[in-house]
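Down below is the structure, laid out as structure tokens.
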Protein chains: 2
Amino acid sequence: MIRMSKLADYGVVIMATMARERQPLDATVNARDLSEKAHIPLPTVGKILKALCRGGLLVSHRGPRGGYALARLASEITVLDIISILDGPVGLTDCTVAPLGACEMEATCPVRSPWHMINRRVLDALRGLTLHEMIDSTNILDKRP
Amino acid sequence: MIRMSKLADYGVVIMATMARERQPLDATVNARDLSEKAHIPLPTVGKILKALCRGGLLVSHRGPRGGYALARLASEITVLDIISILDGPVGLTDCTVAPLGACEMEATCPVRSPWHMINRRVLDALRGLTLHEMIDSTNILDKRP
DNA sequence: TTATATAGAACAAATTCAGTCCTATTGCTG
DNA sequence: CAGCAATAGGACTGAATTTGTTCTATATAA
Ligand code: FES
Ligand code: FES
């Protein structure tokens, strides 16, 4: 089906929502509010936020008035960062992700090199979009060479 | 995990193998031979070949001395063709594939437009590689602007 | 000290995928 | 014409992955 997981999908929405809501800098947002704003069930939001926090994209603050905040500027966070944390290494085939030598056909494989090229393009596309660009509606996103 | 299915993965390998083996034009290759050459179990190869045939990428020939042959020139078959047939429409998120109006958040969704851009890049990468380029080893595939 | 919010792991249900098998149909060949 | 070889198509099973929930522990503000 060539989809990323729903967790990663939600993760991107959540991060975008956070970036957009962060009017006063260092303001923390709690899981409950995010759940409402993003229309995603609370337990799921919690799970995703924890993972993103562990991955270093968010910083957390416990206790009353606690919550989460972006760990870096929105312009320093890419879509690839988010997906990698929630879904593991990005790659269209197992062989492009597996360590060298893991596949026994490596020497004679007719598709290894082409896949690496395609994979790099996909990675570039994901790395090329930052959270900041994503929420900046004045930016014409649909321009292309 | 953001992988395509193994079926699609195998499908690309099989098509590449077919294109490479087709020394005498219109020679048909049967499933058994392909299974051996590509190191993929016979029943699975059969399943994939049937699907590719239904998808219009191969033509089949039944009976003794039967088999499969490419329906078009290798330069007219792209990786996207193969994957679309075996895995359905390519898209990283459900919303980029779903018909307009299927998602209730469409109007206010912060990530819809960015995803469409990324998706188009992925599609371009897959459409930009033909079977012919894939098996032409003299072609330096790793060149990039 | 108490209420609030996250940390982290464990868990059950649902979905998807991989791989196999079986029967029908087509066409060659003796 | 009979028999064999190969694909067509679908059904089926077991495994793996994913989803979404729940529970307990820990930190912190008031
Ligand atoms: S299938 Fe593993 S290297 Fe090509
Ligand atoms: S989540 Fe459906 S349009 Fe954005």
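Protein chains get the first letters and strands the later ones, always in sequence-line order, with residue 1 at the start of each.
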Write down the protein N/O and nucleotide N/O pairs, taken from nucleotides 5-9 of chain D, whose separation is under 3.5 Å; answer none if there are no such pairs.
unit_1, atom_1, unit_2, atom_2, d
D:dA6, O4', B:Gly63, O, 3.4
D:dT7, OP1, B:Ala31, N, 3.0
D:dA8, OP1, B:Ser60, OG, 2.7
D:dA8, OP2, B:Tyr68, OH, 2.5
D:dG9, OP2, B:Arg54, NE, 3.4
D:dG9, N7, B:Lys50, NZ, 3.0
D:dG9, O6, B:Lys50, NZ, 3.0

Which nucleotide sits closest to the side chain of A:Tyr10: C:dT20, D:dG20, D:dT18?
-> D:dG20

Gap between atoms CG and P, on B:Leu7 and D:dA16 respectively (whole Å) | 17 Å

Distance-only, no hydrogens or angles: does the B:Thr17 side chain make a donor-acceptor pair with backbone N or O of B:Val13 under 3.5 Å?
-> yes

Atom CG of B:Asp9 and atom C1' of C:dG19: how far apart are they, to the nearest Å?
-> 15 Å

Would one find a side-chain N or O of B:Thr44 under 4.0 angstrom from OP1 or OP2 of C:dT20?
-> yes

Separation between NE2 (A:His132) and CG (A:Leu70), nearest 0.5 Å, reads 12.0 Å

Distance in Å, A:Leu126 CG paired with A:Ser84 OG, rounded so as to fall on 0.5 Å steps = 8.0 Å

Is a donor-acceptor contact shorter than 3.5 angstrom present between the side chain of A:Lys6 and the base of D:dG20?
-> no

Atom-pair distance (CD1 on A:Ile83; P on D:dT18), nearest Å = 14 Å

Measure the spacing between CD1 of B:Ile2 and CD1 of A:Ile83 and express it to the nearest 0.5 Å.
-> 5.0 Å

Rounded distance (Å) that lies between atom P of C:dC17 and atom CD1 of B:Ile48 | 14 Å

Any side-chain heavy-atom pair of B:His61 and B:Tyr68 under 4.5 Å | no

Can you tell me the distance, in whole Å, between the CG atom of A:Leu86 and the P atom of D:dT19?
-> 10 Å

To the nearest Å, how far apart are B:His39 NE2 and C:dG19 P?
-> 16 Å

Would you kindly give the CG-to-P distance between A:Leu42 and D:dT22, to the nearest whole Å?
-> 11 Å

Rounded distance [0.5 Å steps], OH in B:Tyr10 versus OG in B:Ser35 = 11.0 Å

Integer-rounded Å distance: C:dA5 P and A:Asp33 CG = 9 Å

Say whether A:Ser5 and A:Asp87, considering side chains only, have a donor N or O and an acceptor N or O under 3.5 Å apart.
-> yes

